[in-house]
Structure formats: structure tokens, C-alpha cells
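This report refers to the structure that appears directly beneath it.
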Amino acid sequence: MSNQLVVHNSLTRQKEVFKPINEGAIGMYVCGPTVYSDVHLGNCRTFVSFDTIYRYLLHLGYSVRYVRNITDVGHLVGDADSDAEDKISKKARLEQLEPMEIVQKYMNGFHDMMKIFNTLPPNIEPRATGHIVEQIEMVQQILDNGLAYEKNGSVYFNTIKFAEQSDVYGQLSGKKLDDLMVETRDLKNQSEKNHPSDFAIWIKAAPEHIMRWNSPWSVGFPGWHLECSAMSTKYLGNNFDIHGGGGDLKFPHHENEIAQNHGACNCSPANYWLHTNMLLMNGKKMSKSDGNSITPQQLFTGDSEHISKGYSPMMLRFFMLQSHYRSTLDLTDDALLAAEKGYRRLMDANKALAAMTHPGKGSAGDLDKEIQTLIAGVSSEMSDDFNCPKALAKIFELVTKVNGLKAGHLSFDEVTAETFEQIKATFQLYIFDIFGLKDDAQAAGGDNSKMDGLMELVIDMRATARTNKDWGTSDKIRDTLQALKIKLKDGKDGTEWTVE
RNA sequence: GGUUGGGUGGCCGAGCGGCUAGGCAGUGGUCUGCAAAACCUCGUACGGCGGUUCAAAUCCGCUCCCAACCUCCA
């Protein structure tokens, strides 16, 4: 298998060889959250997925400019033409806070959660409210190009005219304007629009609307879709490499975004569109608005009717890694329980591997070849549209080899020292640097020197008891530690311990 | 109704024309004072019905289910 990067492009619905516009550099824009309430787990899955993609692109040697916005205005509750209300200002009224206070509060929470999930921060995290000028300019450009019209201080994108000029509109979502017309016929309050599929790019603010800016058309605020067009253009240019986001944004958000960019500069924003699939809970989309969701905190503490216990953030990241980013992932307690054991198996093997040394003598036998094939497989799977589950599978096969070497079932004679070092390097690179995992147990250990010394003493005492066949003492030590979530493993070379 | 994507063994989840996915659970062993861990071993699959092919979970047709989007959502 060749190792050139292949990605699935939502625009063409097929895998394509990835070629950056500028050799060695990548511009990537990912739609960030609307900060009007706490992030939920579904959001996290998308950003963890793109974090892994970002990390892999960096590993491949690209210099990546990763832009992920914060939506702090313009995102509407209800219909844009009627009783439309900005999500942020609605929440501000409910909580009796300034809109920017709301934004700050939930943006902080979002950043904390991204840190907890060990995601790397984007290079630029622009906010919609900080780019009103750019958005107004873009509205003007679209108007100048005749692809928008003003009605009572609001400006609408003319989808009909755009569709007549090119066949771009609907390409991403597979929708046709004719269908859209039929679908939206029943919607009320469409009076301002020329056509039901047209969408607002500037909205005149109602008197009670708090977040408002002056513009050539009215005191108002930008349409939701506009911010991403304006900010991606500002920081990545008219045409850039990757645009990502959750699959639920394909339509209308991304479709309209493409239309706006074409409307403004007659250019296609991104070459590759990547969409992550939804996180489900009990077979249904996890969603803030319909209540079918669980907060990350609840998952960590286990305080939810949906789960039997708490799960660590890194375990959850591992859980997400086990499925492909383009597949839905169903969150169930059984699946989490199974993943947790797998996660421990992986981490324990890595810990064991780190402590192992190659005896020095060893030739390239069949085992060596097998290991080399597995190592090569890890990267080729990742280069095949970031196939984390398959790359992980290869690593688990390596885990078996490592454990076999450790237990003596496999011989170092058949493995060269170089190959053995490559296993170590591969584990470090993929598990930690690219998959972005951390070993919870090690992190939880805290002040290790005291703990290590203490455990050494206890294990030594137990060993003495065992030598004396004092099983009562021996088992008491083991059971007591088990109750403290410290697990002992008796191996050939003595006893090891891990914190659960 | 339209659009997009799915239905894989007890569970999760890859694969998408011939080649063991992987994790968890289960079977029988090895090891061990016992247990755990680890290693070896063995089962249980590709919604249904047709078709193409030397060969289909993988391609085509029909059919039945499911999800997402079409209204804010990652």
C-alpha cells in the first residue's frame, strides 16, 4: 500500500489523493461551537476527530494553519424572518447576563473541555463578533455581484440566480433547488424572501435585539452562515485546502457557505470537505436541543442514568478512536465498558514495553518481518482517510507481540534491536502524539516516588509471605489493595502493580 | 415526501470483489499456591430475495428496516 494521503471528500463523495494548494502547507478551517451553553459530548467527538487529523497532518510534515471559529453571534433560534432571536442574546436574557458574559463563560468551558480531551489548540480561533466589518464587506460584494437583494434592511442571498449561473448550489448536500422549493413551501413568514430557499446574510435587528451593528442596510447582525465564509477567507484565503465540521452542518450551513464565497469572489472556498459523523446515544443523535445528551462531566463522574460508572476523558478519546470519523458512533454503557478494558490493555502494554530492553543479540527472523509489516501498516492505515480504528487494530496486534516477548512466548532472537526500538517509537508516536491519548493511571499516580517506594515494600512483604506459603497474608494484601483500586499482577519476573 | 449515509458474529466496530480486522465477552489450554494478567486455541457473521462473476459481506436490481439532514445543532 502506498503511503500517500487519501481523504474522503464530501464534495465528490469519494476518496481522493490529497494535494495541498501550496506544497508542504495546509490551510484547514473547522466550524467551531456556538457558545451559548455547555459543550456536550457530540461536539467533543467532532473536535477530537479533527484534532487527530490535525496531529497526523503535522506528523506528515505539513505546516498547518488550523482555524476554528467561535460563533458568538448570528446563530438564530427559530426562523430568521419572523421571531428570530440570537441564541446568545436569548440566553443572556435568561441568565440575566451581558451577551459577552455568556460568550465568555461558555467559551471558557469549551476551552477547558478541549484541554481535558487533550486536543491541541487551533492556530487561530476567530470570533464572529470580531469580524463584523469583514462580514459587512462580504455582504456588499455579494450585492455588487448581483447575487443578493435587500428587503426592509435585511439582505438575502439569491439562491435562484446563483443556481442559474452555475451548478454549484446543492453539490455538497445533493439537494436540488426544485426539491427545496417543495419542501419549504409550507413554512410561514417567508414573505420577505423572493424564494423559500434564499437565506439571510444580514438581518435587521428588532428593537429588543441586544447584539446589533451598524451597516449600510440597517442596524442589525450578520446571518449565521456568513461568519465562516468571511473568517476562512480572511485567514486562509479565497481558496484553501480543508474545510471540516460536523455532518449536521452540511446543509444548510456549509452549502450556504460555499454559495456565499462564490457570490463574493466567484471562487470555491475549500478543495476538500471533511465531515465527521454523529455521536449517537442509544441509537439516536446526541443533541442539546432535544435532551438526548449526556454532559462530559456526567460521563466522568458516572452521574447519569445512561451509564453504570464514570469513565475517564482519555478512555473516551480511545472509545472515539475505535470508530471511523465518518461513521456514527453509538454510546452505550456496554460499549464503554468494553472500550475501557481495551484502553487499559493498550496502556499496560505500553508501560511494559517502555520498561523492556532488547538483550542485544537478535536477527531478522519471521517475527521481525511480521512486526515490520504491522508497523508499516499503522501509517498506511492512517494515510487512508485517517483510519484510526484500523491503525489501532495494527497496534493491538503489536501489543500481542510485545506481551509475547515479555512473557517469553516469543523470542528476542528473532527480532533485531532496531526493530524493537521501532515498536517503542511507533507506540509513542501513534498512541500519544497522534491519537492524543495519555495514560490515566500514570497521570493519577501523582507523587510517584513515595507511592513507588511504598508499593515496593508491600510487594516485597507479600513475596515473603508467598515464599512461606502464608497464603492468608498474601491474599489479604492483594485483596486490600484491590479494594483501593490497586491491582497486582504476578508475572514471571515478580509482581507489578497498576492503579485502576 | 426529497437528500445523504447505514444494516456485519453475544456487544462495540473495521473491511467494501479472492487475503486473520481489532477491542470486549464466551470456549478449551499453558502459566500460577489460588486468582488476576499474559500467551496459545476454538466458535458464533455479513437484513431479505434475485442477478453479475471462476469467486460477493464487498458490484447490480428489487425489497424491508434504521439514522442524519431538509428548522438551531459538531
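A, B, ... follow the sequence lines: proteins, then strands. Residue 1 opens every chain.
Each of Lys15(A) and Glu397(A) lies near RNA chain B, and the nucleotide nearest Lys15(A) is the one positioned closer to the 5' end. Toward the 5' end of RNA chain B, the nearer of the two residues Leu249(A) and Leu329(A), judged by each one's closest nucleotide, is Leu329(A).
Applying the 3.5 Å distance criterion, the base of A36(B) shares no donor-acceptor pair with the side chain of Arg478(A). For C24(B), its base never sits under 3.5 Å from the side chain of Arg344(A) at any donor and acceptor pair. Between the side chain of Asp490(A) and the base of A35(B), at least one donor-acceptor pair of N or O atoms lies under 3.5 Å. Between the side chain of Thr328(A) and the base of G5(B), no donor-acceptor pair under 3.5 Å is found.
With C1' as the reference atom, U63(B) and G7(B) are 14 Å apart, rounded to whole Å. The same atom, P, is picked in G18(B) and in U71(B); the two are 41 Å apart, to the nearest Å. Using C1' as the reference atom, A45(B) and C12(B) are 14 Å apart when rounded to the nearest Å.
Residues Tyr272(A) and His243(A) fail the side-chain proximity criterion, which asks for heavy atoms closer than 4.5 Å. By the 4.5 Å heavy-atom criterion applied to side chains, Leu329(A) and His324(A) are not counted as neighbours.
Across every strand in view, C59(B) sits in a pair with G51(B) that passes the Watson-Crick or G-U test at under 3.5 angstrom. When both distances must be under 3.5 Å, the Watson-Crick or G-U wobble mate of G5(B) is C66(B). C34(B) makes up no base pair with any nucleotide shown, lacking Watson-Crick or G-U wobble contacts both under 3.5 Å. Remark: A21(B) base-pairs with no nucleotide; criterion is Watson-Crick or G-U wobble with both hydrogen-bond distances under 3.5 Å.
Put simply, the side chain of Asn123(A) never gets that close to the backbone of Val67(A): no donor and acceptor are under 3.5 Å apart. A donor-acceptor pair is defined here as one N or O able to donate and one able to accept, closer than 3.5 Å; such a pair exists between the side chain of Arg13(A) and the backbone of Leu172(A).
Between the CZ atom of Phe319(A) and the P atom of A14(B) there is a distance of 10 Å, rounded to whole Å. Rounded to whole angstrom, the span from the CG atom of Asn256(A) across to the C1' atom of C70(B) amounts to 12 Å. In this structure, Arg326(A) places its CZ atom 12 Å from C1' of C16(B), rounding to the nearest Å. Put simply, OH on Tyr311(A) is 14 Å from P on C12(B), counting in whole angstrom units. In this entry the distance linking CG of Leu398(A) with P of C39(B) reads 13 Å, nearest Å. Distance, Lys193(A) NZ to U71(B) C1': 10 Å, rounded to whole Å. The nearest whole Å value for the distance from the CG atom in Leu346(A) to the C1' atom in A38(B) is 15 Å. In this structure, the NZ atom of Lys285(A) is 11 Å from the C1' atom of U71(B), given to the nearest Å.
Phosphate contact (OP1/OP2 of G5(B), side-chain N/O of Asn277(A), threshold under 4.0 Å): absent. An OP1 or OP2 oxygen of A38(B) is reached within less than 4.0 angstrom by a side-chain nitrogen or oxygen of Arg345(A). Contact annotation: Asn403(A) does not reach the phosphate of A38(B) (side-chain N/O to OP1 or OP2, under 4.0 Å). The shortest distance between the side-chain N/O atoms of Lys489(A) and the OP1/OP2 oxygens of A38(B) is not below 4.0 Å. When the side-chain nitrogen and oxygen atoms of Lys394(A) are compared with OP1 and OP2 of G22(B), none of them lie within a distance under 4.0 Å. Residue Ser327(A) places at least one side-chain N or O closer than 4.0 Å to OP1 or OP2 of A14(B).
Of the candidates Asp440(A), Asp439(A), Thr498(A), Arg344(A) forms a side-chain hydrogen bond (donor to acceptor under 3.5 Å, both in side chains) with just one, namely Asp439(A).
With distances taken from any side-chain atom of Lys487(A) to the nucleotides A36(B), C40(B), A68(B), the minimum falls on A36(B). Taking the side chain of Phe396(A) as heavy atoms from C-beta on, and the options A74(B), C40(B), G22(B), the nearest nucleotide is G22(B). Of the candidates A38(B), A74(B), G23(B), the closest approach to any side-chain atom of His409(A) belongs to A38(B). Considering only side-chain atoms of Asn43(A), the nucleotide from C24(B), A74(B), A14(B) that sits closest is A74(B). With distances taken from any side-chain atom of Lys250(A) to the nucleotides G22(B), A14(B), U4(B), the minimum falls on U4(B).
For G43(B), the base adopts the syn conformation, since its glycosidic angle falls within 90 degrees of zero.
In this structure, a donor-acceptor pair under 3.5 Å is absent between the side chains of Tyr36(A) and Asp72(A). With no hydrogens or angles considered, no side-chain donor-acceptor pair links Thr328(A) and Asp330(A) at under 3.5 Å.
A distance cut-off of 5.5 Å between ring centres, combined with a plane angle under 30°, places Trp471(A) in a stacking arrangement with the base of G33(B).
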